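In what follows, a single structure is set out as structure tokens and then discussed.
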Amino acid sequence: MAIKKPRGTQDFLPETSSQWEYIETKIRKICSNYGFGEVRTPIFEETRLFLRGIGETTDVVQKEMYTFTTAEGKQSYTLRPENTASAVRAYLENKVYGWEPVTKWFYVGPMFRHDRPQAGRYRQFHQFGVEVLGTDASVSDSEVIAMAMQFFNELGLKDLHLEINSVGCPKCRPQYREKLIAFFEGKKEELCDDCVSRLYKNPMRLLDCKIDSKKDVFAGAPEIHEHLCEECHIHFEQVQSFLKAADIKFTVNPRLVRGLDYYTKTAFEIQYPPLGAQSALGGGGRYDGLVEELDGPPTPGIGFAIGLERVLLALENQDLVPKRKSDEGVFVLTLGEEATKKGFSLVQQLRQLGCYAEMDGQGKSMKSQMKYANRIHAKYVIILGDDELHRQIAIVRNMETAEQEEISLEEVVAEIKRKLTPQM
RNA sequence: GUGGGUAUGGUGAAGUGGUUAACACGGCGGAUUGUGGCUCCGUUAUUCAUGGGUUCGAUCCCCAUUACUCACCCCA
């Protein structure tokens, strides 16, 4: 049996890779404009990091991690399912807090979750994300959101919805949680099975249940905004006013809840509805308790993660995927052994001068070589056969105009280089 | 983890219980000897995911497996 790639993974062939390159170029540009430096952490970490960082009761940790032990079986490792925990670990391990008041990092790379694959959902997927550590200023919440929106804008994506919410903090969330449980406890009969099981584990998740949230049961359910503490309330108001000041459109969705335990205060999500079930292109929020949870000094943080496969889907959906454009180049067409030897020398010289040059070398017919030259969109073809070799010249054919000229072998490389170099 | 759909050449995709499995694209070769893109011609699946069963006979029927896919769940 032929060996196939693992389920939920993808091979990116050159055509697709160039699309990724395009997206990454945008990412790097924006990050540099916002003053974010790239952090590269290991693809795998000690399993404990994710247990504590993401939360033991979350789905991600409970059923989606790729966990393994080494041959000695001493240590348990896990392929990173997201990168915030790793970034915070790196922040602490390198004692960045000791010399940098505010840290702004971004990352791009593969993440791993053992989900059932589906449109826009893969087991190895790629995220672009940012983290701001060391400030609880509401302006940084807005900055991070603005950054995500600018990323989508620059890609040309339209019709995105930005939803924001505040999920409270350890001071006010527990009370709200209790109220929610109390409210729904008597109405278990009317809830779907999933919600019943969520009721005690993570009652806030009930709020965005697709089935129950449409029912009457929800009438009169306690709203998070009525239960935020003073601090959270003010913070949320400020975030909104900063967004307005930057002319960023958003809607407040009191039922927006994030799935990872570490989120506090601000939570947000960017949706592109046409993608269907997996319409969240990105999301993020504040995680003021995470650094402490990982044994660091009390340090506030905020960040987002964007699913790049989904971004690509959205780009395809709006026909915004750039076509791969090949470089202007030259094809060296050779006939005969001696000519091929000389041709190889020409190709190498051209390449060393920074030109895109190719040849056949398989001894194919002239016609066949011409076809190939055409296929790779060569701008010039250098034709070299025994005849030309004896006369110490080469025929240079312009593939657009079909004009041909004879140039001496000594000058042909320099001449082509000149032709291919744009005039300043 | 749960439920639905689909599995035919490099790709897209017809099709039938029984000698030669359409078609399109792509690939390769050719259309006077050393010249591309257009056109034309030829060629390109001992075989219809894998394993089992029904049958005189299965790519077409049944079962299982696997993969892909969509939805639930979850999330990016």
Side-chain angles (χ1 to χ4, degrees), chain A residues 1-10 13 54 57-65 80-84 107-129 148 192-195 197-198 202 205 208-211 256-260 263 267-272 275-285 303-314 331 333-336 339 362 364-389 395-404:
Chain A
M1 270 300 270
I3 298 172
K4 293 190 173 170
K5 67 175 166 20
R7 185 160 198 200
T9 63
Q10 302 178 91
L13 272 31
I54 299 174
T57 61
T58 58
D59 276 25
V60 170
V61 166
Q62 282 194 338
K63 41 191 202 195
E64 297 173 5
M65 296 214 297
R80 61 183 189 194
E82 55 98 59
N83 210 24
T84 299
Y107 59 84
V108 191
M111 307 295 157
F112 306 84
R113 290 185 202 174
H114 191 97
D115 254 9
R116 188 94 170 249
Q118 195 179 318
R121 194 169 81 185
Y122 302 91
R123 289 183 173 180
Q124 175 174 342
F125 61 103
H126 298 77
Q127 284 188 336
F128 154 45
C192 70
D193 293 350
D194 287 322
C195 283
S197 67
R198 279 192 283 240
N202 193 349
R205 292 224 64 85
D208 64 353
C209 172
K210 291 186 184 88
I211 307 166
L256 175 65
V257 178
R258 311 250 74 222
L260 310 181
Y263 285 110
F268 62 94
E269 212 167 275
I270 295 124
Q271 302 270 353
Y272 181 54
L275 290 191
Q278 315 299 332
S279 62
L281 295 187
F304 68 68
I306 290 172
L308 297 182
E309 278 80 359
R310 292 181 188 176
V311 169
L312 218 42
L313 283 176
F331 183 84
L333 191 160
T334 63
L335 297 161
Q362 296 181 79
K364 293 214 183 190
S365 72
M366 179 161 196
K367 183 179 193 133
S368 165
Q369 293 189 55
M370 283 298 286
K371 274 192 177 176
Y372 185 73
N374 187 61
R375 187 218 283 269
I376 64 171
H377 302 117
K379 197 161 184 214
Y380 295 97
V381 172
I382 299 177
I383 301 169
L384 192 60
D386 290 337
D387 242 31
E388 288 77 14
L389 208 55
I395 296 169
V396 173
R397 179 185 177 88
N398 181 318
M399 292 296 275
E400 281 154 26
T401 64
E403 282 164 0
Q404 300 195 168

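This structure is a prediction, so every number in the text was calculated from the model and none was measured. Per chain, numbering begins at 1; letters A, B, ... match sequence-line order.
- Between A:I270 and A:I306, every side-chain heavy-atom pair lies at or beyond the 4.5 Å cut-off.
- A:Y122 comes within 4.0 angstrom of a nucleotide base, judged by non-hydrogen atoms across all strands.
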Handout entry: Watson-Crick and G-U pairing of RNA chain B, under 3.5 Å, as dot-bracket with | and [ ]
Key = (((((((..(((.....[....)))((((((.......))))))....(((((..]....))))))))))))....
Give each protein N/O atom lying under 3.5 Å from an N/O atom of nucleotides 32-39 of chain B, with the pair distance.
residue: B:G34; atom: N1; partner: A:E388; partner atom: OE1; Å: 3.1
residue: B:G34; atom: N1; partner: A:E388; partner atom: OE2; Å: 3.0
residue: B:G34; atom: N2; partner: A:E388; partner atom: OE2; Å: 3.0
residue: B:U35; atom: O2; partner: A:R397; partner atom: NH1; Å: 3.1
residue: B:U35; atom: O2; partner: A:Q404; partner atom: OE1; Å: 3.1
residue: B:U35; atom: N3; partner: A:Q404; partner atom: OE1; Å: 2.8
residue: B:U35; atom: O4; partner: A:Q404; partner atom: NE2; Å: 3.2
residue: B:G36; atom: N7; partner: A:R397; partner atom: NH2; Å: 2.9
residue: B:G36; atom: O6; partner: A:R397; partner atom: NH2; Å: 2.9
residue: B:G36; atom: N1; partner: A:M399; partner atom: O; Å: 2.6
residue: B:G36; atom: N2; partner: A:N374; partner atom: OD1; Å: 2.9
residue: B:G36; atom: N2; partner: A:M399; partner atom: O; Å: 3.1
residue: B:G36; atom: N3; partner: A:N374; partner atom: OD1; Å: 3.2
residue: B:G37; atom: O4'; partner: A:N374; partner atom: ND2; Å: 3.1

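- Looking at A:E309, its side chain does come within 3.5 Å of a backbone N or O of A:H126 through a donor-acceptor pair.
- When the P atom is compared between B:C68 and B:C60, the two are found 22 Å apart, to the nearest whole Å.
- Between the C1' atoms of B:A45 and B:G4, the separation comes to 31 Å (whole Å).
- Under the rule for a ring pair (Phe, Tyr, Trp, His ring centres under 6.0 Å), A:F268 has no partner lying at least two apart in sequence or in another chain.
- A heavy atom lying under 4.0 Å from RNA chain B marks the following residues of residues 304-314 of chain A, by number: A:A305, A:G307, A:R310.
- Rounded to whole Å, the separation between the C1' atoms of B:A21 and B:A14 comes to 10 Å.
- With sequence neighbours left out, the side-chain hydrogen bond (donor to acceptor under 3.5 Å, both in side chains) criterion links A:Q404 to A:R397.
- Every residue two or more places apart in sequence or in another chain was checked for a salt bridge (charged side-chain N to carboxylate O under 4.0 Å, His left out) with A:R123, and none qualifies.
- Residues satisfying the side-chain hydrogen bond (donor to acceptor under 3.5 Å, both in side chains) criterion with A:Q362, sequence neighbours excluded, are A:D360.
- Remark: A:Y272 pairs with A:N317, A:Q318 by the side-chain hydrogen bond (donor to acceptor under 3.5 Å, both in side chains) rule, at least two apart or across chains.
- Nucleic acid contact for A:G120: base, since at least one base atom lies under 4.0 Å from a heavy atom of the residue.
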Close N or O pairs between protein and nucleotides 3-8 of chain B (under 3.5 Å):
residue: B:G3; atom: O6; partner: A:R116; partner atom: NH2; Å: 3.4

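- For A:K63 and B:C72, the NZ to C1' distance is 11 Å, given to the nearest whole Å.
- One can find a donor-acceptor pair under 3.5 Å joining the base of B:C73 and the side-chain atoms of A:R121.
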May I have the list of side-chain donor-acceptor pairs in residues 366-386 of chain A shorter than 3.5 Å, sequence neighbours left out?
residue: A:Q369; atom: OE1; partner: A:T334; partner atom: N; Å: 3.3
residue: A:Q369; atom: NE2; partner: A:T334; partner atom: O; Å: 2.9
residue: A:Q369; atom: NE2; partner: A:K364; partner atom: O; Å: 2.9

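- Within 4.0 Å of A:E64, counting heavy atoms only, lie sugar-phosphate atoms of the nucleic acid but no base atom.
- Side-chain N/O atoms of A:Q118 and base N/O atoms of B:C73 include a donor-acceptor pair closer than 3.5 Å.
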Just the table, please: protein N/O against nucleotides 40-43 of chain B N/O, every pair under 3.5 Å.
none

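- Spacing of C1' atoms, B:G52 relative to B:A13, comes out at 29 Å, to the nearest Å.
- Shown here are the side-chain hydrogen bond (donor to acceptor under 3.5 Å, both in side chains) partners of A:Q278, two or more places apart in sequence or in another chain: A:R310.
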